[in-house]
K.L.:
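Sending over a structure as structure tokens; questions will come in a sec.
All values below come from the heavy atoms of this structure, side chains included, with hydrogens, waters and symmetry mates left out. Counting starts at 1 for both ligands and their atoms, following the listed order. On a predicted model such as this, the values are computed, not experimentally measured, just so you know.
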Amino acid sequence: MSETTPPLRLHDTLTRRVETVEPAAFTDDGRPLLRFYSCGPTVYSYAHIGNFRTFLTADLVVRTAEALGWAVRYVSNVTDVGHLTEDDVADSEGEDKMAKALASKEGERFETVWDLARHYTAALEADWQALNLREPDLRPRATEHVREQIEAAQALVESGHAYETDDGVYFHVPSFPDYGKLSGNTDAETLEGTRDVVRDDDKRDPRDFALWKKDPGHLMQWFSPFTDGPAAGWGFPGWHLECSVMAQKYLGETIDLHGGGEDLRFPHHECEIAQAEALTGEPFSRYWIHTRFLQVEGEKMSKSKGNFLTVRDLTAPPPTGRADWGAPVDPLALRLVLISGHYARPFNLTQKALADAQKNVARYREADDAARDALEAGRGGADVLADDLDAAWAEALAAMADDLNTPVALAAAYRGANAVLAAHRAAPLSAASAASAAAFLDRVNALLGVVRSEYGEPAGGADAGADDDKLRKQVEDLLVERMVAREQKDWASADAVRDELDRLGVKVMDTPAGPEWRRA
Ligand SMILES: Nc1ncnc2c1ncn2[C@@H]1O[C@H](COP(=O)(O)OP(=O)(O)OP(=O)(O)O)[C@@H](O)[C@H]1O
Ligand SMILES: [Zn+2]
């Protein structure tokens with residue numbers, strides 16, 4: 001990378017300031033190495049687009065760091081152990097989310113809670129790819145790291161930071177004086193008043209949270225060395241323990257960056273810090289990033305509230321998709337909307353924003369096609385695009401490096417795509433211009449992921465129900481022709497286009513946001 005590469009700045013929840021992120025380690029060839037852990041979902045249902053807003057922040061961190069020339073080791077887990085139905089309960093008590101899901105109507109089709117977890121993990125991965133998120137280097141599952149969690153709990157008991165009762169093993173919060181440094185929640189009385197913490201008369205402090213919950217009746221249970229009491233060793237790990245244990249196992253005792261949604265700041269991440277730092281005596285994560293909620297009518301979109309939209313709801317035709325949200329959109333348009341607001345501010349999804357994004361991704365695609373066609377054509381002539389596109393790229397990268405300023409970055413990227421289209425419409429692009437355009441769109445796609453999917457076109461929804469690219473291209477060309485004919489009041493040509501669309505078996509709906517189409 002050139003010396004003009006900007007530093008990466010992110011708002012750090014720990015210091016409550018925008019900080020310049022400096023990874024602690026370097027690769028063998030001298031590049032900064034970002035060791036990054038981002039909390040994944042509990043797989044008792046489809047991940048919703050609020051969850052994906054948070055996963056997209058992680059995705060943008062990875063893409064931006066890579067665009068700056070860094071190496072990234074990126075781990076994002078799957079919580080496939082049922083914990084609580086109330087997220088703000090500071091540890092493992094209450095109704096188990098996975099067991100509850102299995103008992104529901106939707107859950108009846110699964111034999112066991114393990115099947116249910118497998119199904120929703122596969123769905124998570126499919127939606128992850130549909131939204132063109134980078135695969136993490138590792139996606140560890142909590143259920144495959146129970147031994148490590150038991151060992152961590154044992155080590156904490158041995159070092160006096162945790163203790164066993166007949167009901168569980170608890171981290172003793174007063175043994176870790178830094179408890180509260182991330183969230184500011186340090187006042188024991190406030191915590192006691194506001195948090196529905198685990199009730200166990202043998203707990204030594206009301207804030208103490210569970211590392212292990214003894215429960216021989218739990219649908220997922222493992223045998224542990226914690227054998228006091230009637231459960232005689234059987235039980236399951238506390239939620240907070242899985243993330244700190246897996247982060248440290250795969251990224252080291254001290255990681256560079258840890259992320260999640262705003263609700264994870266407390267208690268989840270506060271408890272992760274306590275466990276991890278009590279174990280090693282070293283700082284756990286050097287920086288922390290939290291994404292504000294995607295809201296529906298001013299409330300957090302959440303699985304447990306039931307007010308959520310999934311990727312399928314918006315990108316697949318009915319009956320899978322939600323008819324009340326209009327025609328299905330290209331998953332890249334959904335991605336674009338979800339990253340269009342700054343991650344540190346709450347975001348409200350609207351149908352209008354989705355429709356606008358649909359048009360934007362169509363323009364990126366058009367610019368991309370024009371660049372690639374012109375590259376193949378290999379015409380002579382000057383490069384008329386390089387200066388504009390270099391400036392647009394520098395602006396987009398600088399904006400992303402400046403605390404992931406997606407509104408500015410997307411505007412710069414879009415300006416560049418429009419410059420490509422304007423040049424293409426003015427005169428056939430030379431091979432030199434086409435090379436600049438293709439390089440720009442490749443870089444924009446690597447940074448923002450909105451030009452084309454790295455996984456190919458996903459089945460269902462990407463093109464409003466049509467299943468092949470050829471048809472999509474034909475229809476899009478015809479719609480442009482129709483628009484031009486209408487503008488010129490050339491009704492004969494407009495009718496001819498309509499007949500051609502009929503022949504292709506395509507139904508067009510004119511909406512305030514432009515034409516929508518699907519197979520009739
Ligand atoms: N509305 C939202 N907007 C942004 N991020 C969210 C939203 N809801 C959850 N997240 C984040 O998504 C990740 C996975 O969360 P989780 O699986 O607990 O989902 P959830 O909808 O909060 O579920 P539940 O309602 O059961 O707590 C976490 O980082 C969480 O903070
Ligand atoms: Zn976590």
K.L.:
In terms of atom number and element, which parts of ligand 1 are under 4.0 angstrom from non-hydrogen atoms of K97?
P.N.:
24 (P), 26 (O), 27 (O)

K.L.:
Quick check: does H48 get an N/O under 3.5 Å from an N/O on ligand 1?
P.N.:
yes

K.L.:
Mind checking whether Y120 and Y46 have parallel, tilted or perpendicular rings, split at 30° and 60°?
P.N.:
perpendicular

K.L.:
Should the pair W288 and H258 be assigned to parallel (<30°), tilted (30 to 60°) or perpendicular (>60°) ring geometry?
P.N.:
parallel

K.L.:
Give the atom numbers and elements of ligand 1 that come within less than 4.0 Å of a heavy atom of G260.
P.N.:
29 (O)

K.L.:
Give a yes/no answer: is there an N/O/S atom of H269 under 2.8 Å from the Zn ion (ligand 2)?
P.N.:
no

K.L.:
Please give me the minimum heavy-atom distance between Y364 and L410, naming the atom from each residue.
P.N.:
OH-O, 3.7 Å

K.L.:
What I want to find out is whether E454 reaches R134 closely enough, with some N-O distance under 4.0 Å, to be called a salt bridge.
P.N.:
yes

K.L.:
Got a sec, which pairs hit ring-ring contact (aromatic ring centres under 6.0 Å, His included) with one end in residues 320-356, sequence neighbours left out?
P.N.:
none

K.L.:
Do the charged groups of E19 and R9 touch, with an N to O distance under 4.0 Å?
P.N.:
no

K.L.:
What class does the angle between the rings of F266 and Y179 fall in, given that below 30° is parallel, 30 to 60° is tilted and above 60° is perpendicular?
P.N.:
perpendicular

K.L.:
Consider ligand 1: state whether an atom of it lies below 4.0 angstrom from any non-hydrogen atom of Q295.
P.N.:
no

K.L.:
Would K305 count as a polar contact of ligand 1, with the cut-off being nitrogen or oxygen pairs under 3.5 Å?
P.N.:
no

K.L.:
Is the shortest N/O to N/O distance between T54 and ligand 1 below 3.5 Å?
P.N.:
yes

K.L.:
Short N/O distance, under 3.5 Å, between F293 and ligand 1?
P.N.:
no

K.L.:
Is the F55 ring parallel, tilted or perpendicular to the F52 ring (thresholds 30°, 60°)?
P.N.:
perpendicular

K.L.:
Consider only side-chain N and O atoms of Y170 and D205, and report whether a donor and an acceptor are under 3.5 Å apart.
P.N.:
no

K.L.:
Closer than 4.0 Å to some heavy atom of G50 - which atoms of ligand 1 meet that?
P.N.:
1 (N), 2 (C), 3 (N), 4 (C), 5 (N), 6 (C), 7 (C)

K.L.:
Between P41 and ligand 1, is there a nitrogen or oxygen pair with a distance under 3.5 Å?
P.N.:
no

K.L.:
Which class fits the ring pair H268 and W239: parallel under 30°, tilted 30 to 60°, perpendicular over 60°?
P.N.:
parallel

K.L.:
With a cutoff of 4.0 Å, is T291 in contact with ligand 1, counting heavy atoms of the residue only?
P.N.:
no

K.L.:
What angle, to the nearest 10°, do the atoms NE2 (H268) and SG (C39) form about the Zn ion (ligand 2)?
P.N.:
120°

K.L.:
What atoms of ligand 1 come closer than 4.0 angstrom to any heavy atom of M301?
P.N.:
1 (N), 2 (C), 7 (C), 8 (N)

K.L.:
Do any N/O atoms on Y44 end up under 3.5 angstrom from N/O atoms on ligand 1?
P.N.:
yes

K.L.:
Would one find an N, O or S atom of H240, in either backbone or side chain, under 2.8 Å from the Zn ion (ligand 2)?
P.N.:
no

K.L.:
I'd like to check which ligand 1 atoms, numbered from 1 as shown, lie under 4.0 Å from a non-hydrogen atom of S302.
P.N.:
21 (O), 25 (O)

